[in-house]
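Take a look at the structure below.
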Amino acid sequence: QVQLVESGGGLVQAGGSLRLSCAASGRTFSNNAMGWVRQAPGKERELRAGINWNGGRVYYAEVVKGRFTISRDNAQNTVYLQMNSLKPEDTAVYFCATGHFTYVTTTKDDYDSWGQGTQVTVSS
């Protein structure tokens with residue numbers, strides 16, 4: 001069983017930045033790929049970024065390319081999402097996710113463990 005705890009969300013003005021963190025415990029963190037998935041009110045969850053087991057491969061949804069950066073520190077069992085040039089449409093709850101695989105995935109359905117989420121609100 002893995003536990004994922006997100007932090008770093010908040011309220012920011014458009015054009016601002018936030019850095020999300022996700023601390024993992026309970027399973028060998030470095031063996032598994034990680035991802036960040038968001039859910040806006042009334043909408044389905046959407047994968048925004050993913051990273052493979054050692055950080056060598058990453059995936060970004062088209063809408064965040066050039067603005068978001070995913071990274072991980074296996075020594076600290078933590079994955080990060082640096083979000084720059086934030087837009088009001090980035091407003092959502094952001095979830096950290098993982099699964100029993102090492103590769104980077106482009107679909108949220110591969111993940112089987114989720115954190116509780118952290119709210120990101122971008123004002124115009």
What are the two closest non-hydrogen atoms of [X] and [Y], and how far apart are they?
X      : Y      : answer
Thr105 : Leu47  : O-CD2, 3.6 Å
Ala40  : Thr91  : CB-O, 3.9 Å
Gly35  : Tyr111 : CA-OH, 3.4 Å
Ile70  : Val58  : CG2-CG1, 3.7 Å
Arg72  : Gly55  : CD-N, 3.8 Å

Q: Mind checking salt bridge (Lys or Arg N to Asp or Glu O under 4.0 Å) for Arg67 and listing every partner two or more places apart, or none if nothing turns up?
A: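 Scan of Arg67 (salt bridge (Lys or Arg N to Asp or Glu O under 4.0 Å), adjacent residues dropped) gives Asp90.
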
[atom2] on [Y] to [atom1] on [X], rounded to 0.5 Å:
X     : Y      : atom1 : atom2 : answer
Asn74 : Trp53  : CG    : CH2   : 8.0 Å
Gln13 : Ser124 : CD    : OG    : 9.5 Å
Ser17 : Leu86  : OG    : CG    : 6.0 Å
Ser21 : Gln82  : OG    : CD    : 9.5 Å
Leu81 : Tyr94  : CG    : OH    : 7.5 Å
Ser85 : Phe68  : OG    : CZ    : 9.5 Å

Path from [X] to [Y] over hydrophobic side-chain contacts below 4.5 Å:
X     : Y      : answer
Val64 : Leu18  : yes
Leu11 : Val122 : no
Val37 : Tyr103 : yes

Q.
Please identify which of these residues, Val93, Leu20, Val5, meets the side-chain contact (heavy atoms from CB on, under 4.5 Å) condition with Thr118.
A.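 The side-chain contact (heavy atoms from CB on, under 4.5 Å) with Thr118 is passed solely by Leu20 among Val93, Leu20, Val5.
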
(Q) Quick one: does any side-chain atom of Asn32 pair with a main-chain N or O of Gly99 as donor and acceptor, under 3.5 Å? (A)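 A pair under 3.5 Å: yes.
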
Q) Backbone N or O of Gln116 within a donor-acceptor pair of the Glu6 side chain at under 3.5 Å? A)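 Looks like yes, one N/O pair under 3.5 Å.
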
Q. Parallel, tilted or perpendicular: which fits the ring planes of Phe95 and Trp114, with parallel below 30° and perpendicular above 60°?
A.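 Because their plane-to-plane angle is over 60°, the rings of Phe95 and Trp114 count as perpendicular.
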
(Q) Could you walk me through whether Val79 and Trp36 satisfy the side chain to side chain contact (heavy atoms under 4.5 Å, CB included) test, starting with their C-alpha distance in whole Å, then the side-chain angles of each, then the deciding distance to 0.1 Å, before giving a yes or no? (A) CA-CA 9 Å; Val79 64; Trp36 287 96; 4.0 Å; yes

Q.
Counting C-beta onward and ignoring hydrogens, is there a side-chain heavy-atom pair between Phe29 and Thr98 closer than 4.5 Å?
A.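 Not in contact.
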
Q: Could you give me the CA-CA distance, side-chain angles and deciding distance for Met34 and Leu4, then say whether side chain to side chain contact (heavy atoms under 4.5 Å, CB included) is met?
A: CA-CA 10 Å; Met34 303 292 296; Leu4 303 173; 4.0 Å; yes

Q) Are Tyr59 and Asn52 close enough, and set up right, to give a side chain to side chain contact (heavy atoms under 4.5 Å, CB included), and what steps lead you there? A) CA-CA 9 Å; Tyr59 161 80; Asn52 76 329; over 6 Å; no

